[in-house]
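One structure, as structure tokens, below. Some questions next.
Quick caveat, the model's predicted, so the values are computed rather than measured. The sequence lines fix the lettering, A, B, ..., with proteins before strands; numbering per chain opens at 1. Below, each value reflects all heavy atoms present in this structure, side chains not excepted, and no hydrogens, waters or symmetry copies.
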Protein chains: 2
Amino acid sequence: MDDRPTGAAFLLTQLGTHAARRFGERVAAVDLTPPQAGLVRAVAREPGRSQQALAERLGTPATRLVALVDALEERGVLERRRNPDDRRLYAVHLTPDGEALRDDLGRLAAAHEDALLAALDPAERRTLADLLGRVAAAEGLTPGVHPGYRDLPADRGSQGAPPCGT
Amino acid sequence: MDDRPTGAAFLLTQLGTHAARRFGERVAAVDLTPPQAGLVRAVAREPGRSQQALAERLGTPATRLVALVDALEERGVLERRRNPDDRRLYAVHLTPDGEALRDDLGRLAAAHEDALLAALDPAERRTLADLLGRVAAAEGLTPGVHPGYRDLPADRGSQGAPPCGT
DNA sequence: CGAGAATCATTACAAGCGAGAATGATTGAC
DNA sequence: GTCAATCATTCTCGCTTGTAATGATTCTCG
């Protein structure tokens with residue numbers, strides 16, 4: 001449909017959106033929303049952190065984390081433990097069920113990666129990961145975490161992205 | 001921060017989000033939201049289309065286009081022309097100002113691409129575009145257009161995406 | 001020629017999501 | 001021992017998006 005060769009930047013936003021959606025579909029299979037999945041991963045990475053620490057790590061307002069933790073705690077995935085030393089803050093931990101869920105997510109992510117990059121052979125995948133990693137590093141993105149979504153103006157509407165293909 | 005080598009799929013969503021945001025910042029410089037920029041581009045590509053045709057092309061509900069076109073028409077960028085043959089539908093066209101804006105967007109997109117991929121030399125950029133293009137084709141994405149955003153469950157919250165890095 | 005189905009644009013409505021400000025409890029500094 | 005600072009929480013507001021109902025016009029078919 002497009003006459004000109006599509007630019008890499010445009011492909012990046014297009015594929016990024018697509019990949020995020022596909023991943024969202026996958027985590028829905030274990031009854032998680034993408035934000036919830038992100039929280040599980042963050043807690044698994046550094047157990048016992050306070051909610052505020054998690055919020056800063058994820059680049060989200062702390063108020064948002066409250067509801068997120070609430071839902072996952074009710075479900076028995078996460079638990080809040082009081083810190084005897086400082087009773088203001090909670091320490092967020094994974095329950096045994098939570099650890100099982102974390103493992104599920106790992107398998108899910110691997111399957112996602114495999115399906116998404118089905119068109120590339122292993123060597124090409126490494127090349128792609130290398131190129132993307134260098135761009136990400138140059139842009140100052142934290143390896144394990146999404147950029148601050150807070151400032152995102154309208155990634156949502158997203159007809160906005162196509163024009164960069166020009 | 002991340003211990004394991006980050007997977008390409010995760011990098012894709014991370015960079016895609018980042019690229020979309022950066023592009024949003026750029027179009028804000030000409031007082032456009034990303035969705036508006038997408039609409040300008042779509043009209044420039046095929047002038048005279050009906051609003052419903054545009055809606056289907058962009059994968060957005062037709063009702064959303066009304067407000068979008070309203071704003072840009074008020075601003076003197078777009079104009080609705082009655083079709084004498086079928087007076088139900090409007091033909092959406094670019095005004096001279098709109099064409100100038102389209103050219104601005106083109107330059108903007110080029111600058112965006114250049115800045116985003118500053119870490120790569122021309123050959124590497126071609127390699128990246130090639131790999132991404134093949135993945136996009138395999139995933140059945142329409143070259144010039146974003147995937148249907150309508151079904152997007154929670155690309156927004158977006159802590160969801162990080163976990164695929166596992 | 002006329003009645004009914006279909007299509008395009010528009011408006012009005014309701015819902016979901018996220019962000020920001022104010023509140024309470026607890027702790028560290030002086 | 002008092003005051004400022006920190007963490008968690010609740011509440012409220014604004015924004016964006018999708019769905020449903022309305023009006024006007026055109027095509028189809030008897």
Side-chain angles (χ1 to χ4, degrees), chain A residues 17 20-21 24 28 33-36 38-39 43 48-74 78-93 146-160, chain B residues 17 20-21 24 28 32-36 38-39 43 48-74 78-93 146 148-160:
Chain A
T17 303
R21 170 156 53 131
T33 66
Q36 286 174 338
L39 177 56
V43 174
R49 304 288 304 237
S50 74
Q51 295 182 179
Q52 179 150 328
L54 288 170
E56 179 157 3
R57 179 86 170 71
L58 292 172
T60 188
T63 67
R64 216 176 133 189
L65 255 159
V66 177
L68 241 54
V69 174
D70 279 351
L72 291 178
E73 185 176 36
E74 230 173 281
L78 258 43
E79 67 178 355
R80 291 183 234 237
R81 297 185 197 156
R82 275 287 180 198
N83 185 340
D85 293 347
D86 190 339
R87 287 170 43 200
R88 283 174 304 184
L89 41 78
Y90 284 111
V92 183
H93 286 270
H146 258 220
Y149 332 107
R150 43 200 171 197
D151 307 337
L152 261 168
D155 166 15
R156 329 157 149 180
S158 50
Q159 291 120 322
Chain B
T17 303
R21 169 155 56 126
L32 281 182
T33 66
Q36 286 174 338
L39 177 56
V43 173
R49 304 288 306 242
S50 75
Q51 297 182 179
Q52 177 151 328
L54 288 170
E56 180 157 3
R57 179 86 170 70
L58 292 172
T60 188
T63 67
R64 216 177 133 190
L65 255 160
V66 177
L68 241 55
V69 174
D70 280 350
L72 291 179
E73 185 175 36
E74 229 173 279
L78 258 45
E79 67 178 356
R80 293 184 235 237
R81 297 186 197 156
R82 276 287 180 198
N83 185 339
D85 293 347
D86 189 339
R87 287 169 43 200
R88 284 175 303 183
L89 41 78
Y90 284 111
V92 183
H93 286 271
H146 258 221
Y149 332 108
R150 43 199 171 199
D151 307 336
L152 262 169
D155 167 14
R156 329 159 152 183
S158 48
Q159 289 120 324

Is any side-chain heavy atom of Thr60(A) closer than 4.5 Å to one of Leu68(A)?
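They are not in contact (no side-chain heavy atoms under 4.5 Å apart), so the answer is no.
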
Restricting to side-chain contact (heavy atoms from CB on, under 4.5 Å), what partner residues turn up for Leu89(A), sequence neighbours left out?
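Here the qualifying residues are Ser50(A), Asn83(A), Asp86(A).
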
Going by side chain to side chain donor-acceptor pair (under 3.5 Å), name the residues that satisfy it together with Arg80(B), two or more places apart in sequence or in a different chain.
Gln51(B), Asp70(B), Glu73(B)

Below 4.5 Å, heavy atoms only, C-beta onward: do Val43(B) and Arg49(B) meet side chain to side chain?
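SC-SC contact between Val43(B) and Arg49(B) ruled out.
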
Starting at atom OH of Tyr90(B), determine the distance to atom P of dT26(D), rounded to an integer number of angstrom.
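Those two atoms, OH and P, are 12 Å apart.
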
Protein-nucleotide distance (Leu58(A), atom CG; dG18(C), atom P), rounded to Å
13 Å

Contact pattern, 5' to 3', of nucleotides 22-30 of chain C - B, S or - by protein heavy atom under 4.0 Å:
----BS---

Under a 4.5 Å cut-off applied to non-hydrogen side-chain atoms, are Val92(A) and Leu39(A) in contact?
no

So, using side chain to side chain donor-acceptor pair (under 3.5 Å) as the criterion, who are the partners of Glu79(A) when residues are at least two apart?
Arg81(A)

Can you tell me the distance, in whole Å, between the CZ atom of Arg49(B) and the P atom of dA9(C)?
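Checked: the CZ to P distance equals 11 Å.
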
Could you check which nucleotide pairs with dT17(D) in any of the strands shown, counting Watson-Crick or G-U wobble with both distances under 3.5 Å?
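Across any shown strand, dT17(D) pairs with dA14(C).
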
Round to the nearest Å and state the distance from Leu39(A) atom CG to dG18(C) atom P.
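Rounded to the whole Å, the gap is 13 Å.
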
Over how many whole Å does the gap from Asp70(B) atom CG to dT16(D) atom P extend?
15 Å

Provide, to the nearest angstrom, the distance between the CD atom belonging to Gln51(A) and the C1' atom belonging to dT10(D).
13 Å

How close or far is atom P of dA5(D) from atom CG of Leu89(A), stated in whole angstroms?
18 Å

Rounded distance in Å - CD (Gln52(A)) to P (dA8(D))
6 Å

